[in-house]
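One structure is given below, encoded as structure tokens.
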2 protein chains.
Amino acid sequence: MSTKSIKSKNDFSTEEKIKNAARIVFHKKGFAATRTRDISEESGINLALLNYYFRSKENLFNIIMLESLQGFFQSMSSAFNDETSSLENKIEILVNNYIDLLIENPDIPIFILSELRTNPKELISKIDIKKVLLKSYFFKQFQSYVKAGKITPIHPMHIMMNLAGMIVFPFIMSPGLKEIGGIKQDEFNKLMLQRKAMIPKWIQAIIKVK
Amino acid sequence: MSTKSIKSKNDFSTEEKIKNAARIVFHKKGFAATRTRDISEESGINLALLNYYFRSKENLFNIIMLESLQGFFQSMSSAFNDETSSLENKIEILVNNYIDLLIENPDIPIFILSELRTNPKELISKIDIKKVLLKSYFFKQFQSYVKAGKITPIHPMHIMMNLAGMIVFPFIMSPGLKEIGGIKQDEFNKLMLQRKAMIPKWIQAIIKVK
DNA sequence: AAACAATTTAATCATTTGATTAAAAATGAA
DNA sequence: TTCATTTTTAATCAAATGATTAAATTGTTT
């Protein structure tokens, strides 16, 4: 009891230092390519401390991954499950939230997706994505718009893919864009800010295509 | 001289076996997560043969990566640099080619993109992407369409991102879709075939948005 | 068949890497 | 201060992994 409280006084600093370093390195290189020594160097702490605080590389990774998943999907969940907003409004909010999030954390998508390829089951089990996506109010609303003849009847997954593709994909290909097109970071961000306004309009145009 | 010809008689089979196995494993797990032993098991050959034929894991990886890059970008290059086709036509051809390619090789995008994040410079230098993309006839044609007032004046990179996002991103998130939505492989492919027809229309709608 | 070259195998190395341990240092309580 | 607990360090371990070597096998040429 007193152990815990005493521990946390100074632990917090070191534990957080390790986690922050782990987040940076894992996000940049993925699980397999990061060595525990990379994390210890990045954080400036002794290698043994990593195991002292987190027991194992894998355990530390799982913590970082869980936080990353939550951070990434909570925006989606809140935007998709708001029952007071229109479909158009949900999309605007989603696009806005995500582009802001991704400008701050551009490495999250490729991090999640490349780990997803290795162990999809374990990753998916960490978060209740069905609730976020398939059972979301967004999906129900989409179906009712279709029935009302407001939008073209297609599988709502197409819209999800288009939204995700238009929002997320640029960040995934950005290392390439910078290298190829000589696009600088601020130039890239400027394009992304343009997209905040444009993607909702594009989606509106798409769902009216016959 | 005779060495070479004699060698290649039986080498071909083994060398190809190793390369094919390497392609499968590298595409699935990436460079850092694949062990040379994985490749030897996948191919059924002795571990030492990998080094006998390819000198090192890294060298073998570079060969696979180069072929993957070429396979991936040659479709784009040929579609984009055809001076006889209209912009609309180029997009149709591109979408068709790529969705077919990706249904056959769904792991290529995440493979390329996740390696791209680690060493963008080395990867980009392997292929002259500027010629394929920025200096392509597609880009010039796009600009002339803008000048003629046929389409809304935006940075052509937005169209590139939308195209890439709508075509490629679904394949990157497909492990997740299958796990979450219970979408089976053939169901997924069916959706992708639908997209072959729809993406060109969607892009047309997008470039007319004001 | 004999000789030579190419291919394959089994055993082993050397390095990397995740993890542990024992001791030292720092911190807080009495 | 003194003692106990927590935190940190340096050294080391054990397993994994990329690579090599020497010997065995197979195939080709004469």
* To do: Rounded to the nearest angstrom, tell me the gap between atom OH in B:Tyr52 and atom P in C:dA10.
  => 17 Å
* Starting at atom NZ of B:Lys17, determine the distance to atom P of C:dT7, rounded to an integer number of angstrom. => 13 Å
* **Nearest-neighbour nucleotide for the A:Asn46 side chain, D:dT9, D:dG18, C:dA19 considered** => D:dT9
* To do: Ignoring hydrogens and angles, answer whether the base of D:dG18 and the side-chain atoms of B:Arg35 contain a donor-acceptor pair closer than 3.5 Å.
  => no
* To do: For the pair B:Glu92 and B:Lys196, find out whether any cationic side-chain nitrogen is under 4.0 Å from an anionic carboxylate oxygen.
  => no
* Asked: Base, sugar-phosphate, or nothing for A:Ile45, non-hydrogen atoms under 4.0 angstrom?
  -> nothing
* Asked: Looking at the side chain of B:Thr36, which of D:dT8, C:dG18, D:dA19 is the nearest nucleotide?
  -> D:dA19
* Using a 4.0 Å heavy-atom cut-off across all strands, classify B:Ser40 as base, sugar-phosphate, or nothing. => nothing
* Asked: For A:Leu47, which contact category applies under a 4.0 Å heavy-atom criterion: base, sugar-phosphate, or nothing?
  -> base
* Asked: When the distance from CG of A:Leu49 to P of C:dA22 is rounded to whole Å, what number comes out?
  -> 17 Å
* Could you tell me whether A:Tyr137 and A:Phe80 have their ring centroids closer than 6.0 angstrom? => no
* Structure fact -> Quick note, A:Tyr53 side chain, CB onward, closest among C:dT20, D:dT8, C:dG18 is D:dT8
* To do: Let me know the distance between CZ of B:Arg55 and C1' of D:dT20, rounded to the nearest Å.
  => 13 Å
* Sidechain-backbone polar pair: B:Arg195 side chain, B:Met166 backbone, donor-acceptor under 3.5 Å -> yes
* **B:Arg37, nearest nucleotide to its side chain (from D:dA19, D:dT8, C:dA19)** => D:dA19
* Round to the nearest Å and state the distance from B:Asn51 atom CG to C:dA11 atom C1'. => 15 Å
* Structure fact -> Taking D:dT20, C:dT17, D:dT8 as options, the one with an atom nearest any side-chain atom of B:Ala48 is D:dT20
* Basic-acidic side-chain contact under 4.0 Å: A:Lys178, A:Glu187 -> no
